[in-house]
Amino acid sequence: MPRFRPSRRRLPLRIVVPSRNDPLLRRFTELIGGPLGHRTAPGIVEPGFFTVERVLIVLTTLAALLSVLVKTPCRVAGWVLPDYFYMGCYSDWPVLFETRGLAEGMFPFLTPGGVFEYPVLMGLLAGFTALLVPGSGVSAERSLAYFDVNATLVAVVWIITVITTARMSHRRPWDAAMVALAPGIVVAGTINWDLWAAMLAALAMLSFARGRLVLAGVFIGLGTAMKIYPLLILGAVLLLAIRTGKYRPLMVTATTAAGTWLAVNLPFMLADFAGWAFFLGFSRDREAGYSSIWYAYNTTVQGQGLPQLGPEFINRASLVLFLLACIAIALLVLSAPRRPRLASIVFLIVAALVLTNKVYSPQFVVWLVPLAALAYPRWRDFLIWQFVELLHWWAVWMYLGQFTSGGAPEHNIDGAYYVLAVLAHIAATAYIAYKVVRSILHPEQDPVRRLETDDPQGGPFDRSGDVLVLDSYAVHKWRSRIGSR
C-alpha cells in the first residue's frame, strides 16, 4: 500500500477559496467580480478586519436571526395546536415549558417525582433556562420568554459550532459557511436543544485534531450526556486505531469519555434511578417515530389492512440494521486504498444511525450538517440535500396538523405524500453518504485531500502509515509482523 509522504513545503499556508475551488460557487460570483484570481494568495496576505472567522460570525448571526423570524407567527399568536404546525413554527421549547412542569418550577432530575424524556444534561439545560424566565406559572408571555432565552443561547452555540468547524478544516475554513448558512439549521435549529450536542461533538473533534485527547474525551462524554450520537465518534477512532495500529488515542479518549459521562450521570442514578432511567424506558417502549423508515412502513401498510410493526420488533430490527451498517463501514475503512479521514467515518456512522433509528425528528439534520461540511464540502451536493430536507420539514408539519389534531383539510397533505417526503429525505441523506463513500474509495476525488493534505481532523492518526489493510498482500504482511514478535 502506498504510504502518505508529508510535504516538505515551508511556505505560509494558503486558504482554499470557494469561488475558485468549488464548481458551483465559481458560476455565481459575477456579482462580486468573478472568481478570485490565480495570482492571489489567500491566507498569506493580511485580510484586514474581515477575517474568515469574523465573516463566518456575521453570516451565522444573520442565519440565527432568520431562524427566529421563521417562528414569528408563533411568537405573535402563541404556540397553539394545530396552528403551530400549519404556520411551520413549531418548537419543543414552549410546549415542554408548559406541559412538563417547567413553568411551575419543576427542575428535571432534581425535583423529586419529576420525569423528563431526555438525557440528563439536556434535562438540566431545560431546567436552568426555565430559571431565567421571569414570573411564575403558565402563560403565553412566559412561554415566549422561554423560547427567546433558548433561541439566544442556541445562536451563541451555533456560532461556536461554526468557528470550531472552521478551525479544524485546515486549509478550508470557508467550508464552515455550510454550517453557518445551512437551511436545515435555520428551520430546525430552534426546535430543540440538538445544536448543543452538535457543538460538543464539534469541540470533541477539534480537540482530537489538535492532539488533546483528554479534552476530546471530556467533550464526547458531555455530548453523550446531552444526546447519544457524539459517542459514535469513538467508533471512528476505533477503526482508525485498528488500521494504523495506534491504540493509545482510543484508550485515552474512550476512558476519559466514560469517566465524564459517569460523573454527569452517576449522582442522578444514585439519587433517583427510576427518574434517571425514564428516558431509556420511554425510548424503548415508544412507537416508531414520525419520519423514520419504520413509521413510513406502518403508515403504508395501514392503508392496505396489513399488520404493523410493534416497538419490540422495531427495536431489534433497527439495532440489527445499524450494526450491519457499522460492519459495512468497518470493512470500507479497513479496505480503502488510503486511510479514510476521521470526519468521513463519523459522518457515515451517524448517517447510518439516522437512517436506521426508530425515531427521526426534523432537528436531527443538525447532527449531520457540521459532519457533512467536513466530510464532503461540495456546495452543489450539500444544497441538493438541504433542499430535500426543507421539503421534508414542511411535509412533517402538514401531516401532523391533520394526524394529531384533525386540522382543516385544505391545510393537510395525505399520508402517501408524507411517506414520499420521508423517502426523499432518506434518499437525500443516502446520496451524501454515497458521495462520502466514493471519496473514500477514490481519494483523488476527495476535495479536502489536495496539496498533500492527509487528515485535518485525524490528530494522532494524521500522516500515519497502515498496519492492517484488508487486501491479500497487506494481511499477509500483518500476520508476518505479528508472528515475528
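Keep in mind that this is a model prediction, so the values were computed, not measured.
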State the CD1-CG distance between I220 and L231, to the nearest 0.5 angstrom. 8.0 Å

Output the distance between atom CZ (R338) and atom CD1 (I440), rounded to the nearest 0.5 Å. 12.5 Å

T152, L102, N150 screened by side-chain contact (heavy atoms from CB on, under 4.5 Å) with T129, the one that passes: N150

Picking from L470, L238, V469, what satisfies side-chain contact (heavy atoms from CB on, under 4.5 Å) with R243? V469

Without swapping roles, check the side chain of N357 against the backbone of L353 for a donor-acceptor pair under 3.5 Å. no

Side-chain contact, heavy-atom cut-off 4.5 Å: Y229 with V346? no

When L332 is tested against each of I327, L239, V437 for side-chain contact (heavy atoms from CB on, under 4.5 Å), which residue passes? V437

Begin from the C-alpha positions of E389 and W385 and carry the test side chain to side chain donor-acceptor pair (under 3.5 Å) through to its verdict. CA-CA 6 Å; E389 289 290 350; W385 169 48; 3.3 Å; yes

State, yes or no, whether a side-chain contact exists between Y295 and V422 at a heavy-atom distance under 4.5 Å. no

Run the numbers on Y90 and V95 for side-chain contact (heavy atoms from CB on, under 4.5 Å), then give the verdict. CA-CA 9 Å; Y90 174 81; V95 175; 3.7 Å; yes

To the nearest 0.5 Å, atom CE of M178 lies from atom CD1 of I185 at 12.0 Å

Smallest heavy-atom separation, L195 atom then T161 atom, equals O-OG1, 4.2 Å

Got F219 and T164 here, is their nearest side-chain heavy-atom distance under 4.5 Å? no

Looking only at non-hydrogen atoms, find the nearest pair between A375 and F347 and report the distance. CB-CB, 4.0 Å

Do I314 and N298 have side chains that approach each other closer than 4.5 Å (heavy atoms only, starting at C-beta)? yes

Does the separation of the ring centres of W294 and Y297 fall below 6.0 angstrom? no

Nearest heavy-atom neighbours spanning V179 and A373: CG2-CB, 4.0 Å

Among D462, D455, D446, D454, the one residue meeting side-chain hydrogen bond (donor to acceptor under 3.5 Å, both in side chains) with R341: D446

Considering all heavy atoms, the nearest R339-T244 contact: CD-CG2, 3.5 Å

Would you find a donor on one side and an acceptor on the other, under 3.5 Å apart, between the side chain of T253 and the backbone of L250? no

More than 12 heavy atoms of other residues, nucleotides or ligands under 6.0 Å from CD of E444: yes or no? yes

Is there side-chain contact between Q457 and F208, with at least one heavy-atom pair below 4.5 Å? no

Looking at every non-hydrogen atom in both residues, tell me the closest pair between G127 and P108 and how far apart they are. CA-CD, 3.8 Å

Quick check: do L222 and M226 have side-chain heavy atoms less than 4.5 Å from each other? no

Heavy atoms of other groups near M251 CE, more than 12 under 6.0 Å: no

What's the shortest heavy-atom distance between A201 and I233, and which atoms? O-CD1, 3.8 Å

Got a donor-acceptor contact below 3.5 angstrom from the D272 side chain to the G275 backbone? yes

Above 12 or not: heavy atoms from other molecules or residues under 6.0 Å from CZ of F128? no

Is the side chain of S91 donor-acceptor paired with the backbone N or O of W93 at a distance under 3.5 Å, no angle test? yes

Polar side-chain atom of K435 near backbone of D381 as donor-acceptor pair, under 3.5 Å: no

Please report the interatomic distance CZ(R438) to CG(L441), rounded to the nearest 0.5 Å. 10.0 Å

Just wondering, do V237 and F461 contact through their side chains at under 4.5 Å, heavy atoms? yes

For side chain to side chain donor-acceptor pair (under 3.5 Å), just list the numbers for S291 and H392, CA-CA rounded to whole Å, side-chain angles, deciding distance to a tenth of an Å, and then say yes or no. CA-CA 9 Å; S291 294; H392 166 259; 2.7 Å; yes

Does F387, at its CZ atom, have more than 12 non-hydrogen atoms belonging to other residues, nucleotides or ligands within less than 6.0 Å? no

Rounded to the nearest 0.5 Å, what separates atom CD1 in I159 from atom CG in L59? 10.5 Å

Let's go through D175 and L374 carefully: what are the C-alpha distance in whole Å and the side-chain angles of both, what is the deciding distance for side-chain contact (heavy atoms from CB on, under 4.5 Å) to 0.1 Å, and is it a yes or a no? CA-CA 7 Å; D175 291 340; L374 296 170; over 6 Å; no

Could you walk me through whether T429 and F364 satisfy the side-chain contact (heavy atoms from CB on, under 4.5 Å) test, starting with their C-alpha distance in whole Å, then the side-chain angles of each, then the deciding distance to 0.1 Å, before giving a yes or no? CA-CA 12 Å; T429 305; F364 287 4; over 6 Å; no

Can you check whether V448's main-chain N or O pairs, donor with acceptor, with R172's side chain at less than 3.5 Å? no

